[in-house]
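By convention here, the first residue in the shown sequence is residue 1. Here the structure is a predicted model, which means the values were calculated and not measured.
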Amino acid sequence: NHPEVTASISESGIRLASARGVSEIFWPAIMPFEETANMFILYTQSNAFQLIPKRATTSETLPILQTALKAHLEKVRLVDRRNRKARLVR
């Protein structure tokens, strides 16, 4: 059973809070991100990431999150998931 997580976006990064604790991921620490039909994948290392499911957003908060991510990060599209080859999308 996973605890509920609340995400807050600021000029410095994304803050994640749950009953287990609080963490903040600063924009410079996030590598390119991927947006799928169902989620955002924020890469913090080549083999580490944070998932933000779109079902956790509302019709008002989804465009805010999309705008913030695009303003602060580069978007990546994984063209070969098996080999983790990626290309940047601008």
Side-chain angles (χ1 to χ4, degrees):
N1 194 1
H2 298 285
E4 182 177 307
V5 177
T6 302
S8 305
I9 299 171
S10 71
E11 285 300 313
S12 61
I14 299 175
R15 184 178 185 269
L16 304 169
S18 74
R20 293 184 181 166
V22 176
S23 66
E24 186 162 2
I25 306 169
F26 297 102
W27 294 123
I30 303 173
M31 300 169 73
F33 76 99
E34 181 181 10
E35 181 178 357
T36 70
N38 300 316
M39 70 183 65
F40 295 95
I41 306 168
L42 309 178
Y43 295 95
T44 54
Q45 296 179 27
S46 61
N47 61 350
F49 53 87
Q50 178 68 46
L51 300 176
I52 301 178
K54 287 185 177 178
R55 70 176 184 273
T57 66
T58 66
S59 60
E60 292 84 26
T61 60
L62 179 59
I64 294 169
L65 178 58
Q66 288 170 319
T67 300
L69 291 174
K70 289 174 185 173
H72 293 283
L73 304 172
E74 299 222 37
K75 190 174 185 179
V76 68
R77 178 172 295 140
L78 296 180
V79 291
D80 183 348
R81 292 179 188 278
R82 194 172 302 138
N83 294 318
R84 305 288 296 169
K85 291 183 181 173
R87 67 181 171 94
L88 290 176
V89 178
R90 298 197 191 273

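- For the side-chain hydrogen bond (donor to acceptor under 3.5 Å, both in side chains) test, no residue two or more places apart in sequence or in another chain qualifies with T6.
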(message) Does L69 form a side-chain contact (heavy atoms from CB on, under 4.5 Å) with I30? I'd like the steps, not just the answer.
(response) CA-CA 10 Å; L69 291 174; I30 303 173; 5.8 Å; no
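- Not counting sequence neighbours, I64 has no partner by the side-chain contact (heavy atoms from CB on, under 4.5 Å) test.
- The structure places OG1 of T57 at 7.0 Å from CZ of F40, a figure rounded to the nearest 0.5 Å.
- Contact record, L16 with A7: CD2-CB, 3.7 Å, taken as the closest heavy-atom pair.
- Here M39 pairs with T36, I41, L51 under the side-chain contact (heavy atoms from CB on, under 4.5 Å) rule; sequence neighbours left out.
- Considering all non-hydrogen atoms of both residues, I14 and W27 come closest at CG1-CH2, 3.7 Å.
- For residues 40-60, the set of pairs meeting the salt bridge (Lys or Arg N to Asp or Glu O under 4.0 Å) definition, not counting sequence neighbours, comprises E35-K54.
- Residue pairs meeting the salt bridge (Lys or Arg N to Asp or Glu O under 4.0 Å) criterion with at least one partner in residues 8-29, sequence neighbours excluded, do not occur; the list is empty.
- Applying the side-chain hydrogen bond (donor to acceptor under 3.5 Å, both in side chains) criterion to T67, with sequence neighbours excluded, gives no partner residue.
- Applying the side-chain contact (heavy atoms from CB on, under 4.5 Å) test to A48 and every residue at least two apart in sequence or in another chain returns T44, Q45.
- The minimum heavy-atom distance linking P63 with T58 is given by the pair CD-O, 4.5 Å.
- Hydrophobic clustering of Ile, Leu, Val, Met, Phe, Trp and Tyr side chains at less than 4.5 Å, counting indirect connections, unites L73 with L62.
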(request) Walk me through it: do M31 and F49 pass the test side-chain contact (heavy atoms from CB on, under 4.5 Å)? (result) CA-CA 9 Å; M31 300 169 73; F49 53 87; over 6 Å; no
